[in-house]
*Asks:* 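Here you go, one structure.
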Amino acid sequence: MYLADRSAPSGAKTAPPDRGSGRAPAVASTVLALGTVSLITDISSEMVTAVLPLYLIAGLGLSPLGFGALDGVYNGVSALVQLTGGHLADRVRNHKLVAGIGYGLSALCKPLLLLAHSLGPISVILALERTGKGLRTAPRDALISLSTPDELQGRAFGVHRAMDTTGALLGPLAAFLILGVAVDGYDAVFGVSACVAVLGVVVLMLFVPSGAGDTPPRPAAAPPAALPAPARPNPVRLRDAAALLRLPRLRALALCAVLLGLTTVSDAFVYLLLQRRTGIDDQWFPLLPLGTAAVFLLLAVPAGALADRIGRRTVFLTGHALLLAAYGLLLWAPDRPALPYLVLALHGVFYAATDGVLPAAVAATVPESLRATGLALVGTGQALARFACSLAFGGAWTLWGTGPALAAAAAGLLCCAAVAGYVLRPSPPVAAAPDAPAPPDPARRP
């Protein structure tokens, strides 16, 4: 387990390089510690997520429209709370505290699933669980960005997302094994998920440092008379958060995240479409997220490093182009044994090229004092757009069927990606003004 040096000044952007080794660590210890917490927490969350679509539709008889509404609420609540969590973390200047509250709330909701066996209680529990996720996301990403130099943001987020995805890989596998051996399979999945979630909270409290920016830096030792009283940072106000949207680059990123989110079909629908297209047995359904997670795990770090090197815009838009290819395969490709593998591979590359690259791009445009708030603004817009997409896609599936619904999503993604490519285009270089003629030297004779 990696422990950050808690004696380092908390206001520093990054830890100084190790003079003895001659090179700085590739990834900050804070990133590794948060990655461990996310790994454990994602095992817990993905155990539930892997079986939830099948449990609700096959077990409780929910319609695709009803599932789309519930899936939208599942993500929409997180989006609304995410903005609150980011602003609160910047305001109290303690990102770890707010993130810990979010992780704790999500952990408390897991055992409640054992007591709920109807749609109403399950909806309330899922909304509370998403509230916890919304509270923790922006403070966690702020801790990552504040501990990493600007030129390595993509790599740092890639490492975190790779560790997070390791949990996403192990969670469905654990759910599959539990369903195969337990008598009351769904209840067993929910119970084990609750125990794993508690472990994640314990690791957060013990091993994740508070991080940069939470408290004012401590001055070096000096005679008391020579030290002025440390200035208290100005409190972060709501108007400061709203003013972030005046930053042109942040506004462009937020707009593109919303546009592309409106055409990003939720993972649950992708897996349901793949099952119906290929006839995969219900027993194997919890394993479908493993394909996405495995590819995401393998490519998250390389994609983040590539984004740092060639530009985050290029990698981000390429990821959405590959998602469009996955939609095309689901619509028109012949039903071959390789089809599920191709779709899941493209789905995983899409996440590797976008999930960590977008917050890395946002972090480069937002001041440190409002880092969590800026990340939350973009994340909230994206999540609300995906909430709308879940509702629209579920309704289109119910009214028109899977083919027309997915074709509409693919056409929308193509148009929105073109708009995003234009909005995020590099700014043209500003031509330098011609030098003004030098004033005459009064000491020099004509």
Side-chain angles (χ1 to χ4, degrees), residues 46 49-50 53 64 67-68 71 75 158 161-162 165 168-169 172 256-257 259-280 284-300 302-303 306-307 314-358 382-383 385-386 388-390 392-394 396-397 400-421:
E46 294 301 324
T49 303
F67 178 74
D71 187 65
N75 293 293
R161 296 316 194 249
T165 307
L169 189 68
C256 294
L259 285 175
L260 294 169
L262 286 171
T263 55
T264 301
V265 177
S266 74
D267 297 355
F269 275 129
V270 170
Y271 303 141
L272 286 171
L273 287 167
L274 188 58
Q275 184 199 31
R276 297 202 173 193
R277 176 70 193 278
T278 59
I280 295 173
W284 303 102
F285 183 84
L287 293 182
L288 292 180
L290 292 180
T292 297
V295 177
F296 189 4
L297 172 63
L298 290 174
L299 298 180
L306 182 65
T314 302
V315 175
F316 184 70
L317 294 176
T318 301
H320 284 87
L322 295 175
L323 178 63
L324 182 62
Y327 290 173
L329 288 177
L330 285 171
L331 281 169
W332 299 299
D335 187 6
R336 303 292 185 188
L339 178 60
Y341 302 100
L342 289 174
V343 171
L344 294 176
L346 289 170
H347 201 224
V349 178
F350 157 69
Y351 275 114
T354 59
D355 196 60
V357 173
L358 179 61
Q382 183 183 56
R386 290 183 176 179
C389 183
S390 290
F393 189 83
W397 181 342
W400 305 324
T402 58
L406 188 57
L413 178 57
L414 179 62
C415 295
C416 291
V419 174

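Counting begins at 1 with the first residue of the sequence. A quick note: this is a predicted structure, and the numbers were derived from the prediction, not measured.
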*Asks:* Output the distance between atom CG (Leu317) and atom SG (Cys256), rounded to the nearest 0.5 Å.
*Replies:*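 Nearest 0.5 Å value for the CG-SG distance: 7.5 Å.
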*Asks:* Of the non-hydrogen atoms in Thr278 and Pro340, which two are nearest, and what is the gap between them?
*Replies:* CG2-CG, 3.9 Å
*Asks:* If you measure from OG1 on Thr402 to CZ on Phe269, what distance do you get to the nearest 0.5 Å?
*Replies:* 11.5 Å
*Asks:* Could you pull out the closest heavy-atom pair between Ala396 and Ala405, with the gap in Å?
*Replies:*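 Looking at all heavy atoms of both residues, the closest pair is CB-CB, 3.6 Å.
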*Asks:* Identify the two heavy atoms, one from Gly319 and one from Thr354, that lie closest to each other, and give their separation to 0.1 Å.
*Replies:* CA-CG2, 4.2 Å
*Asks:* Testing the basics here: between Val265 and Tyr327, what is the closest heavy-atom pair and its distance to 0.1 Å?
*Replies:*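 Between these two residues, the closest heavy atoms are N-OH, 2.8 Å.
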*Asks:* Are any non-hydrogen side-chain atoms of Arg336 and Leu342 less than 4.5 angstrom apart?
*Replies:* no
*Asks:* Quick one: closest heavy-atom pair of Pro172 and Leu290, and the distance?
*Replies:*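 In this case the closest contact between Pro172 and Leu290 is CB-CD2, 3.9 Å.
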*Asks:* Counting C-beta onward and ignoring hydrogens, is there a side-chain heavy-atom pair between Thr292 and Tyr271 closer than 4.5 Å?
*Replies:* yes
*Asks:* When rounded to the nearest 0.5 angstrom, what is the spacing between OH in Tyr351 and OG1 in Thr264?
*Replies:* 7.5 Å
*Asks:* Using 0.5 Å steps for rounding, measure from the OG1 atom of Thr263 to the CG atom of Leu323.
*Replies:*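 Spacing of OG1 (Thr263) from CG (Leu323) equals 7.5 Å.
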*Asks:* Kindly compute the distance separating CG (Asp267) from CG (Leu272), expressed to the nearest 0.5 Å.
*Replies:* 11.0 Å
*Asks:* Using side-chain heavy atoms (C-beta onward) and a distance below 4.5 Å, is Phe285 in contact with Ile280?
*Replies:*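 They are not in contact (no side-chain heavy atoms under 4.5 Å apart), so the answer is no.
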*Asks:* Give me the atom names and distance for the closest heavy-atom approach of Ala410 to Leu331.
*Replies:*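 Heavy-atom minimum between the residues: CB-CD1, 4.4 Å.
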*Asks:* How far does CG of Leu330 sit from CG of Leu346, to the nearest 0.5 angstrom?
*Replies:*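 Atom-to-atom, Leu330:CG and Leu346:CG are 9.5 Å apart.
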*Asks:* Please step through side-chain contact (heavy atoms from CB on, under 4.5 Å) for the pair Val295 and Leu344, ending with a clear verdict.
*Replies:* CA-CA 8 Å; Val295 177; Leu344 294 176; over 6 Å; no
*Asks:* Hey, are the side chains of Leu169 and Phe296 touching, using non-hydrogen atoms and a 4.5 Å cut-off?
*Replies:* no
*Asks:* Would you please name every residue forming a side-chain contact (heavy atoms from CB on, under 4.5 Å) with Thr314, sequence neighbours left out?
*Replies:*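 Only Ile310, Thr318 meet the side-chain contact (heavy atoms from CB on, under 4.5 Å) criterion with Thr314.
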*Asks:* Do the rings of His347 and Phe350 sit parallel, tilted or perpendicular, given the 30° and 60° boundaries?
*Replies:* parallel
*Asks:* Tell me whether Ser390 contacts the main-chain N or O of Arg386 through its side chain, where contact means a donor paired with an acceptor under 3.5 Å.
*Replies:*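 Answer holds: yes.
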